[in-house]
Amino acid sequence: MRVIVLGADGYLGWPTALHLSTMGHDVIAADNLIRRRWDTLCGTHSLVPIAGMKRRVLRWKEVSGKQIAWERLDLMSLADTTALIAQYQPDAVVHFAEQRSAPYSMISGAHAAETQVNNVIGTLNLLFALRESGPDCHLVKLGTMGEYGTPNIDIEEGFIEIEHNGRKDRLPYPKQASSFYHLSKVHDSNNIMFTCRAWGLRATDLNQGVVYGSGTPETDLHSELRTRFDYDDIWGTALNRFCAQAAHGHPLTVYGSGGQTRGFLDIRDTVRCVELAILNPPDRGEFRVFNQFTEQFSVNQLADRVRAARLAHGLETVIEHLANPRIEMEAHYYNAKHQHLLDLGLVPHSLEDSLIDRVIGMVERYKGRIKPELFLPRVDWRFGGGGKMPAPSKRRRVPALRSVSSLY
Ligand code: NAD
Ligand code: USQ
């Protein structure tokens, strides 16, 4: 198949492009490289050094003999997005290209607006581009498990059967997102669902859980093929952060009492899930939702796993409970379904298999690059990043902003 990967310079987009290329698909990698700029603005960096996109695709050709086309594209341009779809006539478009940090979206009104404009308008442009130039193309969109929040009932895969006043219907599952970033995904889902119904587009919304891991077999092939690894307070996700903190001898930063529970998956399963979605497209007009995670853990359980894995090698790890900078439930029911991708053939990796060999190993190799000042949270959900934060965060520099007006 011919597949465009949008957001191909990112943590997940690049390994996905490599995996699809390995599996024999014709891959076009596109990105506007904004994430590298956001890193500069936030004072953050990838723990693992990463090559530029031109260098990556050259190295991939040398290592694998396979070609990935590289296109610099900003989804904020409807004309450019439409032209890209028209030029390549893809069978599928995988859309990773969004501002994906919840803390970033909570810094200020301007950061919230930047996040929602970039994500919602970018996706809207893509939908119009598909209507115009690729109405048969399968849109595989990265959503998030955080769209659902933490309801006191089982979480279904996108839809729920409801009986109300003696009548029944199958309706979109209620959404209770807990950041302006997570809300941008809810808005995307609604827009995509509507365009499937209205224009007959076909789409899969992959409501993904929190991803961990240092890469895939393809990114391991050469240092210039590695993908980014974030461990800071803005972009780093829980498990990756805990591994970096432990390697540096910093206490693991569990927010609040640590009972908050989420779905998690290994990055090697992300690339396989995307491939499975592509290989099994929905019908024209169909909008389907897969919950994309493999195991669920509380934050305390994650921290305990990291401590136990290191203890097995004689290494001590301290766990600290910080005042929670987020507004989220810390003790709650959580049981999310995730059957569809298993039915399509996903054979998941478990956290147990991955932790020591891959994640902790990679972090140890680069631990000299760790900046410990990036461990403590700078953004508080109540106050943003604007000077009202309680100590110690108030001493920290708050990320600057890309001009929002440049987006319109
Ligand atoms: P990332 O920040 O590493 O990559 C996102 C990429 O998209 C970046 O390279 C960025 O430059 C690009 N991008 C952003 N806006 C763009 C635009 N307007 N035009 C073109 N390119 C643009 O993020 P990631 O961790 O690889 O996540 C990828 C996707 O998966 C996101 O949509 C995210 O919401 C979703 N997701 C990620 C996780 C996770 O744990 N990393 C979990 C669930 C869902
Ligand atoms: N947490 C800690 N300590 C930390 C970091 C996080 O206790 O040092 C807690 C958070 O409070 C939260 C949980 O861990 O309860 C997950 O936080 P996270 O930063 O790992 O993940 P999150 O902000 O939810 O976002 C990440 C990705 C996002 C994706 C989402 C999937 O950045 O793009 O959409 O995971 S999900 O959480 O399922 O919505």
Side-chain angles (χ1 to χ4, degrees), residues 1-39 46 48-77 80-100 118-119 122-123 125-126 129-130 133-134 137-142 204 206 208 211 213 215-230 267-268 270-279:
M1 288 187 181
R2 179 171 294 171
V3 184
I4 297 181
V5 178
L6 300 169
D9 188 42
Y11 174 52
L12 305 178
W14 176 239
T16 302
L18 294 184
H19 177 71
L20 295 175
S21 178
T22 300
M23 300 312 287
H25 302 290
D26 179 12
V27 176
I28 299 96
D31 201 295
N32 67 351
L33 306 181
I34 183 72
R35 179 54 211 283
R36 291 180 189 242
R37 189 150 153 229
W38 283 327
D39 261 348
S46 168
V48 176
I50 47 171
M53 280 304 288
K54 285 186 185 158
R55 166 63 55 188
R56 280 172 158 178
V57 297
L58 281 175
R59 183 61 70 194
W60 177 241
K61 189 165 178 213
E62 192 183 291
V63 167
S64 70
K66 292 172 191 292
Q67 184 98 37
I68 292 180
W70 156 238
E71 297 279 354
R72 188 156 178 177
L73 171 92
D74 189 348
L75 278 178
M76 294 307 296
S77 166
D80 291 352
T81 307
T82 307
L84 185 84
I85 303 292
Q87 180 187 345
Y88 287 103
Q89 290 295 302
D91 299 294
V93 174
V94 187
H95 177 16
F96 289 102
E98 299 203 323
Q99 191 302 92
R100 70 112 173 111
N118 185 65
N119 295 0
T123 300
N125 284 343
L126 179 59
L130 290 172
S133 303
C137 172
H138 174 196
L139 169 60
V140 179
K141 165 67 168 53
L142 271 292
T204 305
L206 295 175
Q208 185 169 241
V211 182
T216 59
E218 288 86 12
T219 63
D220 288 345
L221 287 173
H222 192 281
S223 60
E224 288 182 349
L225 296 176
R226 294 219 169 101
T227 195
R228 58 178 310 122
F229 187 97
D230 299 306
I267 189 168
R268 291 170 295 174
T270 292
V271 303
R272 178 74 179 130
C273 289
V274 169
E275 186 197 4
L276 286 169
I278 291 171
L279 292 175

What's the spacing between T82 OG1 and N125 CG if we round to 0.5 Å?
7.5 Å
Taken in chain and number order and not counting sequence neighbours, the residues that satisfy side-chain hydrogen bond (donor to acceptor under 3.5 Å, both in side chains) with D31 are none
Answer yes or no: is there a side-chain heavy-atom contact under 4.5 Å between T123 and L75?
no
Just by distance, do the side chain of W14 and the backbone of A29 share a donor-acceptor pair under 3.5 Å?
no
Verdict with reasoning, I267 to T227, per side chain to side chain contact (heavy atoms under 4.5 Å, CB included)
CA-CA 11 Å; I267 189 168; T227 195; 4.3 Å; yes
Run the numbers on H19 and T216 for side chain to side chain contact (heavy atoms under 4.5 Å, CB included), then give the verdict.
CA-CA 8 Å; H19 177 71; T216 59; over 6 Å; no
Output the distance between atom CZ (R100) and atom CG (L12), rounded to the nearest 0.5 Å.
7.5 Å
For residues L18 and R56, determine if any side-chain heavy atom of one lies less than 4.5 Å from a side-chain heavy atom of the other.
no
Before you tell me yes or no, could you show the steps for K61 and V57 under side chain to side chain contact (heavy atoms under 4.5 Å, CB included), namely the whole-Å CA-CA distance, both residues' side-chain angles and the distance that decides it to 0.1 Å?
CA-CA 6 Å; K61 189 165 178 213; V57 297; over 6 Å; no
Whether H25 side chain and M1 backbone form a donor-acceptor pair below 3.5 Å
yes
Got a sec, which residues hit side-chain hydrogen bond (donor to acceptor under 3.5 Å, both in side chains) with T16, two or more places apart in sequence or on another chain?
none
Heavy-atom nearest pair, S77 first then T81, reads O-OG1, 2.7 Å
State the CG-CG distance between L6 and L142, to the nearest 0.5 angstrom.
10.5 Å
Do side-chain atoms of S46 reach the backbone of D230 as a donor and acceptor pair under 3.5 angstrom?
no
Test your reading of the model: is there a side-chain donor-acceptor pair from T204 to the backbone of V140, 3.5 Å cut-off?
no
Candidate list R37, R36, R35, test salt bridge (Lys or Arg N to Asp or Glu O under 4.0 Å), partner D39, passing option
R35
Straight-line distance of R72 CZ to D9 CG, nearest 0.5 Å:
9.5 Å
Under a 4.5 Å cut-off applied to non-hydrogen side-chain atoms, are E62 and R59 in contact?
yes
Do any pairs count as a side-chain hydrogen bond (donor to acceptor under 3.5 Å, both in side chains) and have a residue in residues 85-94, sequence neighbours left out, and if so which ones?
E71-Y88
Results of salt bridge (charged side-chain N to carboxylate O under 4.0 Å, His left out) for D26 - residues two or more places apart only
R2
Less than 4.5 Å apart, side chain to side chain, heavy atoms only: is that true for I85 and L126?
yes
Report yes if some heavy atom in the side chain of L20 is under 4.5 Å from a heavy atom in the side chain of E275; otherwise report no.
yes
Could you pull out the closest heavy-atom pair between Q99 and N118, with the gap in Å?
N-ND2, 3.5 Å
Between V271 and R268, the two heavy atoms sitting closest are CG2-O, 3.3 Å
Separation between CD1 (I28) and CG (L73), nearest 0.5 Å, reads 12.0 Å
Tell me the closest heavy-atom pair linking V5 and A8, and the distance in Å.
O-CB, 3.5 Å
Starting at OG1 of T270, measure out to CD of Q208 and round the result to the nearest 0.5 Å.
4.0 Å
Can you name the residues that form a side chain to side chain contact (heavy atoms under 4.5 Å, CB included) with S21, not counting sequence neighbours?
V27, W60, K66, I68
E224 to H222 - nearest heavy-atom pair and separation
N-ND1, 2.9 Å
Could you tell me which residues satisfy side chain to side chain contact (heavy atoms under 4.5 Å, CB included) with P49, sequence neighbours excluded, listed by chain and number?
Y366, R369
Taking the side chain as every heavy atom from C-beta outward, state whether M53 and L33 have any atom pair closer than 4.5 Å.
yes
Could you walk me through whether V274 and L206 pass side chain to side chain contact (heavy atoms under 4.5 Å, CB included), step by step?
CA-CA 8 Å; V274 169; L206 295 175; 4.0 Å; yes
